[in-house]
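Take a look at the structure below.
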Amino acid sequence: MDYDIFISYKNDGEGNNFAARLKESLDHSGYSVYFNSHEQKAGSFPDRLKDAVNSCKDFILLLSDGCISQLKENHAVDWVREEILCARNAGKNIIPVLIGKAQMPSDKNAFPESLQFLPAQEVLILPEQYVESPYARLLSLIVSNPGKGDYRNISNGNPQFSIMQDMESTRKRAEEGDLEAMYEMGCMYYYGFPENDWSDNYSEACKWLSAVSEKDHPLAKKADILLAKMYYSGEVPREKQSFRKSFEYNMRGRDFKSGAWFESVLFAKSEGIGADFDYEEISSIIDREAEYMPSTVKNIAADFYIRYGDYRKAIDLLEQIDEIIPDAEYKLGELYFRGVHCTPPRPDPYRAEHHFINAADAGFTDAIHKLGLMHFRGAYGYRQNLNKARVLYKDAAQKGHWDAQYDYAWMCRHGLGGGRDIDDALKYFEMGAQKGHFLCMAELATLYQEPTAYRNYQKAFEWAKRATDTGDPYSEFVLGNLYFWGRGCACNINEAVIHYKNALKAGVNEAEFMLRKIENL
């Protein structure tokens, strides 16, 4: 059997358990994965493992602390090493993943010669309770396509219905001038019912829909809306993609009041795409058609008013929504929290809390984070509760919210809302930093210099450099210090001066006394 992914691990409990969980996640994502939890990893390297490695595209190497130590020791019999070399020789996509407290050696000479390519590989850090962010990063490194299986490329059809027979009878009626049949033919081709080349389908769809569009009939409005989509995506044969024509066809279909029509027209006019921007006209459309708009479109229309500061109208639309739409609930919470529901503005945190809770209960992570922020700040008369803030931040952080990952890790680092937890601080700062959160990078640059945080000057240097690349001025100062003291890098006074000057220019006054010290050397 061919596999998408081969998982290599040291059978030492940590590696085995992590590999089992990862396989379950990858299976759920649609990949075919080779993982045998009963491998003894002893004796001669078996041919079946060679075959499994050769059959895969991606080779995920789980590197626990014990696994790295074993690879360094270069035992005569080491299945993990043999799996790596087999994947390397076969040109597989090797993805090293650090688990637990494992760290990749910076010196390639720590490994035997055959494995000295490993430190140069891009390494992914995947925490024990990995969540969406790092797991999504892992998926981005995989070259296999998910979904291989018995039904991946199977179109079984329906034994009770023959699409070809139905299309033949519908076509006959359409050619006789039956408008319903003509519209049906256009729809079937547009949605790909016959498994032809899509360009052929669009050509046929356009032919039938255009014929319906020319008639004075209610179906013409529906045909116009589909033609508008085709012009928008550039699928009308022998014609250029055109936002303008898309908008014109949408307007021709205006009597067919659907959510899709409202959404496309509002989008075109508010963004100036294919139509001229006119605030008053857009507002009049919303006011006139609000009672016909489905909840999802009212939510979109509220975005328009929020963008241009007409908050009262936005709130009126959002309050009309009689179902829980998490995004709409969050926006209402934000508007009440900012106090823009009245003049002069007066923040109402308790009214905001009601809507944030509705959104949070539906799994909206921004709302969970905002509730944590309210408990953390205790602003506008809202009672501060650091313990609740920390719990809420962690909940949102585990669901992949990068600001919450920073806030929770920061509270863990400083012991707010509970005791200090350096392990969790590092874990969640790493999560946020891997997603590009520059404040997480900056915190890691300082935290990895503390003896209580598994001091690692090399990691401190790497994160300081990455934070500096994002433009963080304080990290310029930290990076200058690392160069000055030669921590995690070779001592380089010239580089230190450059970063101190950058920091001072950006307002980090601490850099001034270090520059004076260097002048006096």
Side-chain angles (χ1 to χ4, degrees), residues 24-25 28-30 129-136 139 258-260 262-263 266-267 286 290-307 311-341 347-380 382-409 411 417 428 431-432 435 437:
E24 184 178 349
S25 296
H28 184 70
S29 296
Q129 297 300 322
Y130 57 80
V131 290
E132 180 180 352
S133 167
Y135 180 62
L139 295 186
S258 70
F262 285 122
E263 185 174 344
L266 286 177
F267 175 75
I286 296 173
E291 65 178 296
Y292 303 108
M293 291 181 181
S295 296
T296 53
V297 181
K298 287 179 181 176
N299 188 28
I300 293 168
D303 283 335
F304 170 75
Y305 284 129
I306 291 171
R307 183 194 304 177
Y311 302 120
R312 186 63 257 172
K313 283 193 173 183
I315 291 171
D316 288 344
L317 279 169
L318 292 169
E319 292 283 16
Q320 291 175 30
I321 297 174
D322 55 3
E323 58 188 292
I324 297 296
I325 297 178
D327 176 55
E329 290 291 326
Y330 178 77
K331 278 186 284 215
L332 268 174
E334 274 281 276
L335 292 166
Y336 285 123
F337 186 72
R338 290 160 56 191
V340 294
H341 58 288
D348 188 339
Y350 292 98
R351 203 166 176 182
E353 180 188 39
H354 167 73
H355 293 289
F356 285 142
I357 289 173
N358 284 342
D361 287 345
F364 200 70
T365 54
D366 281 344
I368 301 170
H369 175 249
K370 183 63 72 155
L371 286 167
L373 193 66
M374 290 175 65
H375 284 293
F376 180 83
R377 291 177 175 174
Y380 309 130
Y382 193 82
R383 180 173 294 180
Q384 184 187 47
N385 189 325
L386 294 180
N387 290 334
K388 278 191 175 181
R390 185 158 163 170
V391 169
L392 287 161
Y393 280 155
K394 185 173 185 178
D395 185 14
Q398 288 175 328
K399 291 178 169 66
H401 194 285
W402 74 336
D403 283 330
Q405 287 163 356
Y406 169 79
D407 291 329
Y408 172 66
M411 292 188 79
Y428 284 92
M431 285 184 190
K435 294 169 75 172
H437 198 294

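No hydrogens, no waters, no symmetry mates; every other heavy atom, side chains included, goes into these values. Along the sequence shown, the residues carry numbers beginning at 1.
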Test ring pair (Phe, Tyr, Trp, His ring centres under 6.0 Å) applied to Y382 and F376, Y350, F356, the passing residue: Y350

Please round to the nearest 0.5 Å and tell me the distance separating atom [atom1] of [X] and atom [atom2] of [Y].
| X | Y | atom1 | atom2 | answer |
| --- | --- | --- | --- | --- |
| E353 | D348 | CD | CG | 10.5 Å |
| H369 | L392 | NE2 | CG | 10.0 Å |
| H375 | N387 | NE2 | CG | 11.0 Å |
| K399 | D395 | NZ | CG | 3.5 Å |
| S295 | I300 | OG | CD1 | 11.0 Å |
| D361 | I324 | CG | CD1 | 8.5 Å |

[X]: partners by salt bridge (charged side-chain N to carboxylate O under 4.0 Å, His left out), with sequence neighbours left out:
| X | result |
| --- | --- |
| R377 | none |
| K331 | D303, D327 |
| D403 | none |

Work out which heavy atom in [X] is nearest to a heavy atom in [Y]; give both atom names and the distance.
| X | Y | result |
| --- | --- | --- |
| I325 | I321 | CD1-CG2, 4.0 Å |
| A404 | A396 | CB-CB, 3.5 Å |
| A328 | L318 | CB-CD2, 3.8 Å |
| A352 | F337 | CB-N, 3.6 Å |
| A360 | A367 | N-CB, 3.7 Å |
| A314 | A302 | CB-O, 3.7 Å |

Kindly write out the residues that satisfy side chain to side chain donor-acceptor pair (under 3.5 Å) with [X], not counting sequence neighbours, or none if the list is empty.
| X | value |
| --- | --- |
| Y330 | none |
| Y393 | none |
| Y336 | E319, R351 |

Can you tell if the side chain of [X] reaches within under 4.5 Å of the side chain of [Y], non-hydrogen atoms only?
| X | Y | value |
| --- | --- | --- |
| Q398 | Y408 | no |
| D316 | Y305 | no |
| K394 | M411 | no |
| L332 | N358 | no |

Donor-acceptor under 3.5 Å (Q405 side chain, A397 main chain): yes

Over 12 foreign heavy atoms within 6.0 Å of CZ, R383: no

Between Y311 and R338, a side-chain donor and acceptor under 3.5 Å: yes

